[in-house]
Amino acid sequence: MPENENTKEKKSVLRYLYKTTADIFKGKSISNEFLIKHWVTIFVFIFLVLVYISNRYSCQQKMTEIGMLNKQLTDIRNEAQTWSSELMGRSRQSQVQELVNTKGLQLKTSNRPPFYLMRKTTENDSQ
């Protein structure tokens, strides 16, 4: 008896699948009854699809912007490194001395080391 019920269930499932696939191919699933019955589900599905598409588009736009900004960042870093190395080269003592000589200035390198001026603190300064 249980085998007979099992086969009846299988047959009913197969009939249901056959009927639904036949309805889909015949176009009955797009009938007014179906639309009236499931209009909320259809609109929610369409809304979610539109949200997904717009989200993906905005993400792609942001990814391209991030790529462009990263490229600009590397270019600016390289330019800053170039300027820094030029400044270090121009501020060397030998380069400064050569520039002074070419300009005809009467400046000479000091032989005395630099010294610091110390300020004496008084009671009035500490307040």
Does the side chain of Asn55 come within less than 4.5 Å of Cys59's, by heavy atoms? yes

Cluster link Leu48 to Val40, ILVMFWY, side chain under 4.5 Å: yes

Surrounding CD of Gln93 (heavy atoms of other residues, nucleotides or ligands, distance under 6.0 Å), is the total greater than 12? no

Measure across Arg90 and Gln95 and return the closest heavy-atom pair with its distance rounded to 0.1 Å. O-CB, 3.7 Å

If I compare all heavy atoms of Thr21 with all of Tyr18, which pair ends up nearest, and what's the gap? OG1-O, 3.0 Å

Of Met68, Gln60, Gln61, which is the lone residue that meets side-chain contact (heavy atoms from CB on, under 4.5 Å) with Thr64? Gln61

What distance separates Thr74 OG1 from Glu79 CD, expressed to the nearest 0.5 Å? 11.5 Å

Near Glu86 CD, under 6.0 Å, is it more than 12 heavy atoms from other residues, nucleotides or ligands? yes

Just how far is it from atom OG1 of Thr82 to atom CG of Leu87, taken to the nearest 0.5 Å? 12.5 Å

Same cluster for Phe47 and Ile53 if Ile/Leu/Val/Met/Phe/Trp/Tyr side chains link at under 4.5 Å? no

Asn70 side, atom CG; Glu65 side, atom CD - distance, nearest 0.5 Å: 11.0 Å

Reported CG-to-NZ distance for the pair Leu14 and Lys19, which is rounded to 0.5 angstrom: 15.0 Å

Can you confirm whether Leu69 sits close enough to Gln72 that some side-chain heavy atom of one is under 4.5 Å from a side-chain heavy atom of the other? yes

Shortest non-hydrogen contact from Leu107 toward Gln97: O-NE2, 4.2 Å

To the nearest 0.5 Å, what is the distance between CG (Leu50) and CZ (Phe45)? 10.0 Å

OG of Ser91 to CG of Leu99, rounded to nearest 0.5 Å, is 12.0 Å

